[in-house]
Amino acid sequence: MSEGVIIPIDEAFAAKAHITKQRYEELYRRSIQDPEGFWAEQAARLEWMKPWSRVKDASFEPPVHIRWFEGGKLNVAANCIDRHLAARGDQAAIIWEGDEPEESKRITYRDLHRQVCMLANVLKANGVKRGDRVTIYMPMIPEAAYAMLACARIGAVHSVVFGGFSPEALKGRIHDCRSHFVITADEGVRGGKKIPLKANVDDAVARLEREHDAADIKKVLVVKRTGGAIDWKPGRDLWYHEEMAKASPECAPEAMDAEDPLFVLYTSGSTGNPKGLMHTSGGYLLYAAMTHECIFDYRPGDVYWCTADVGWVTGHSYLVYGPLANGATTLMFEGVPNYPDFSRFWQVVDKHKVNILYTAPTAIRSLMREGEEWVRKTSRKSLRLLASVGEPINPEAWLWYYNVVGEKRCPITDTWWQTETGGILIAPLAGAMPLKPGSATRPFFGVQPKVVGANGEVLEGAAEGYLCIADSWPGQARTVYGDHKRFEETYFSQVKGAYFSGDGCRRDADGDYWITGRVDDVLKISGHRIGTAEVESALVGHSGVSEAAVVGFPHPIKGEGIYAYVTLRAGVEPSEEISRELKQWVRKEIGPIATPDLLHFTPALPKTRSGKIMRRILRKIAANDFGELGDTSTLTNPEVVELLAKNRLSL
């Protein structure tokens with residue numbers, strides 16, 4: 001493996017960086033010793049309508065409560081738009097790149113202000129009030145960002161549901177947060193294929209009416225994206241363009257308390273019922289803005305591209321709120337990395353002169369599989385910093401990203417955080433610390449990681465265990481919407497006085513952190529804990545492997561065995577020989593204890609439309625449990641599930 005590789009600090013990069021090694025150490029020390037003084041100082045990044053009465057009031061002991069900048073008043077949309085108008089009114093706020101390469105749009109801060117104010121007035125004219133929940137089920141078009149910001153402007157709480165989710169998933173999320181208003185589009189477009197968004201909304205609302213004896217939804221506002229034929233319910237359904245034509249371009253921002261809710265975002269729970277994580281206004285925006293500037297070393301004039309969908313927290317914090325709070329130019333991409341061909345990402349970089357690229361390891365690995373020629377045919381000279389998000393990046397993919405995409409001149413920031421955390425908690429600051437392929441390295445300001453053993457003991461020095469956070473930070477979620485007990489039990493009952501992340505980690509002798517995967521992705525093989533991410537990383541380190549996903553399955557002798565799903569690179573065919581070679585490779589890279597018991601070759605892995613591998617389904621198949629595979633309609637390739645189940649291996 002490539003774990004021993006260390007990329008030293010690039011002195012030329014550090015000379016211009018916001019945070020140097022000395023500055024990091026000084027600010028981190030202060031943020032831990034005097035958190036209230038530190039965050040009060042940082043809060044000056046935002047424009048407040050009224051100062052706060054107390055910086056921090058948080059306890060991770062029951063009853064758990066988390067409050068930051070209480071009593072302070074501000075408006076998130078005004079901080080993201082209005083305060084930039086004087087100096088940056090004609091600067092691009094959002095560059096939109098459509099699914100087809102010839103489609104793109106440049107939206108200035110002045111344009112953004114006008115569109116958001118008009119949409120805010122449309123919402124108000126249709127009965128949406130401060131505190132109401134609005135469901136946004138949209139493609140990756142500018143109107144999705146307008147909708148989020150319009151809600152923030154009038155104090156409504158938005159709940160963005162990823163446009164790849166099924167009507168059943170949408171129904172549950174609408175019902176859980178008691179939303180009465182949906183913003184959607186006639187259809188979405190992704191990779192040249194149309195997605196029936198309005199039809200899905202109609203289906204979800206019909207299910208609500210059948211199952212709950214009443215329609216939660218009073219209005220559905222529809223953006224005309226494709227002009228495709230859709231059903232229409234007069235009195236409930238409204239055309240976006242018609243409503244906007246009637247709206248005033250002026251709308252005063254609502255003064256919101258720092259602790260007023262900004263959004264509810266649903267994330268999968270271990271019970272199968274999604275959790276609606278609630279984020280508030282002041283602390284969340286401050287943390288998103290500060291991490292965006294420091295971690296990506298954002299500089300005025302940069303073109304910044306986060307490839308995430310707004311349906312995920314990454315799209316909230318690092319496509320919309322963080323960049324716009326900093327007056328940045330943020331790029332929004334409707335398409336996929338392989339359409340029309342595998343060089344699309346790099347063509348977009350060249351077309352819009354992107355300086356900072358933030359994407360997922362899954363995208364990197366899938367592009368790596370296709371070979372370097374797709375990258376080499378583009379320039380990418382504008383790139384200055386690369387970053388990854390979503391799951392641990394294996395060292396081999398990290399090095400390909402660094403050597404091939406960035407041509408060894410762009411540092412890589414590998415970020416660890418969660419929907420629950422609101423912003424990045426652990427990541428290298430490229431001007432301040434050496435880079436280790438596959439390591440998230442050091443905590444951000446105010447973040448106190450703890451490595452905790454199986455019995456709840458805090459481990460010092462080099463150690464492996466559960467990753468917990470000892471104290472509050474401004475960006476974290478405040479509760480599970482409508483179920484604070486679940487919030488306490490999920491995140492604060494396992495380790496006394498600490499936030500339990502649900503992730504495993506290893507801290508090396510240098511004090512750098514390596515994420516080993518979800519705790520339920522940590523296998524116990526013959527009494528030894530093996531991180532699935534570690535085995536996956538070893539497999540992908542082999543030159544013949546494109547992607548791998550590792551899960552546990554019941555083993556008659558060990559208790560738990562290792563079941564590895566492997567996608568080979570183009571030109572490499574499945575065989576007994578390559579199977580033996582891969583098992584031997586893992587033995588060599590990690591040790592005999594980590595050798596896969598079963599190695600299942602597959603042309604593809606089941607993935608959500610955001611690119612995440614559905615390990616829950618893979619675990620069920622490995623365990624020969626086909627009764628509860630759940631909803632596979634949200635996958636990009638649901639047909640692969642049937643193929644995997646049909647070809648399941650056994651001892």
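Basis for what follows: all heavy atoms, side chains included, without hydrogens, waters or symmetry-related copies.
Of all the heavy atoms in Ala247 and Met118, the pair that sits closest is CB-O, 3.4 Å. When every heavy atom of Ser281 is checked against every heavy atom of Leu262, the shortest pair comes out as OG-CB, 4.0 Å. Contact record, Leu149 with Cys80: CD2-CB, 4.0 Å, taken as the closest heavy-atom pair. Scanning all heavy atoms of the two residues, the minimum distance from Val160 to Val310 falls at CG1-O, 3.5 Å. Summarising the geometry of Tyr321 relative to Ala152, their closest heavy-atom pair is OH-CB, 4.3 Å, with the distance given to 0.1 Å. Across every non-hydrogen atom of Gln448 and Asp471, the tightest pair is NE2-CB, 3.6 Å.
Side-chain contact annotation: Glu143 with Tyr240, donor-acceptor N/O pair under 3.5 Å absent. One side chain, Tyr358 or Thr415, offers a donor N or O that lies under 3.5 Å from an acceptor on the other. For the residue pair Ser317 / Tyr287, no side-chain donor-acceptor distance below 3.5 Å is found, with atom types taken as modelled.
Under a 4.0 Å N-O distance rule, the pair Arg153/Asp82 qualifies as a salt bridge. Using a cut-off of 4.0 Å between Lys/Arg side-chain N and Asp/Glu carboxylate O, Lys219 and Glu243 are scored as not salt-bridged. Salt-bridge formation is not detected for the pair Lys198/Asp186: no Lys NZ or Arg NE/NH1/NH2 atom is positioned less than 4.0 Å from an Asp or Glu carboxylate oxygen. Lys171 and Glu168 are joined by a salt bridge, as a carboxylate oxygen and a charged side-chain nitrogen come within less than 4.0 angstrom of each other.
The aromatic rings of Trp312 and Phe162 are tilted relative to each other, their planes meeting at an angle between 30° and 60°.
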Item to complete: Mind running ring pair (Phe, Tyr, Trp, His ring centres under 6.0 Å) on Phe38 and Trp473 for me, showing each step along the way?
Response: CA-CA 11 Å; Phe38 176 83; Trp473 62 98; over 10 Å; no
Item to complete: Could you check Asp202 against Arg236 for side-chain contact (heavy atoms from CB on, under 4.5 Å), going step by step and ending with a plain yes or no?
Response: CA-CA 11 Å; Asp202 292 342; Arg236 184 198 73 183; 2.8 Å; yes
Discussion item. Run Phe60 and Tyr491 through ring pair (Phe, Tyr, Trp, His ring centres under 6.0 Å) and show every step you take.
Written reply: CA-CA 9 Å; Phe60 288 174; Tyr491 304 109; over 10 Å; no
Item to complete: Please assess Lys496 against Glu61 for the test salt bridge (charged side-chain N to carboxylate O under 4.0 Å, His left out), listing each intermediate value before the final yes or no.
Response: CA-CA 7 Å; Lys496 187 177 168 62; Glu61 302 273 3; 3.3 Å; yes
Worksheet item: Under the ring pair (Phe, Tyr, Trp, His ring centres under 6.0 Å) criterion, do Tyr304 and Tyr298 qualify, and how do the steps go?
Response: CA-CA 8 Å; Tyr304 162 86; Tyr298 167 75; 7.4 Å; no
Worksheet item: Would Glu334 and Arg225 satisfy salt bridge (charged side-chain N to carboxylate O under 4.0 Å, His left out), going step by step from the backbone distance to the final call?
Response: CA-CA 12 Å; Glu334 185 181 34; Arg225 170 66 184 100; 2.8 Å; yes
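In this structure, the ring of His316 has its center no less than 6.0 angstrom from the ring center of Tyr284. Aromatic pair Tyr266/Tyr481: ring centres not closer than 6.0 Å. The ring of Phe444 has its center no closer than 6.0 angstrom to the ring center of Trp417.
Using a 4.5 Å heavy-atom cutoff, the side chains of Leu618 and Met614 are not in contact. For the pair Asp257 and Lys73, the minimum side-chain heavy-atom distance is below 4.5 Å. When side chains are defined from C-beta on, Arg133 does not count as touching Ser159, because their heavy atoms never get closer than 4.5 Å.
Without hydrogens or angle criteria, Asn200 side chain to Ser166 main chain gives no donor-acceptor distance under 3.5 Å.
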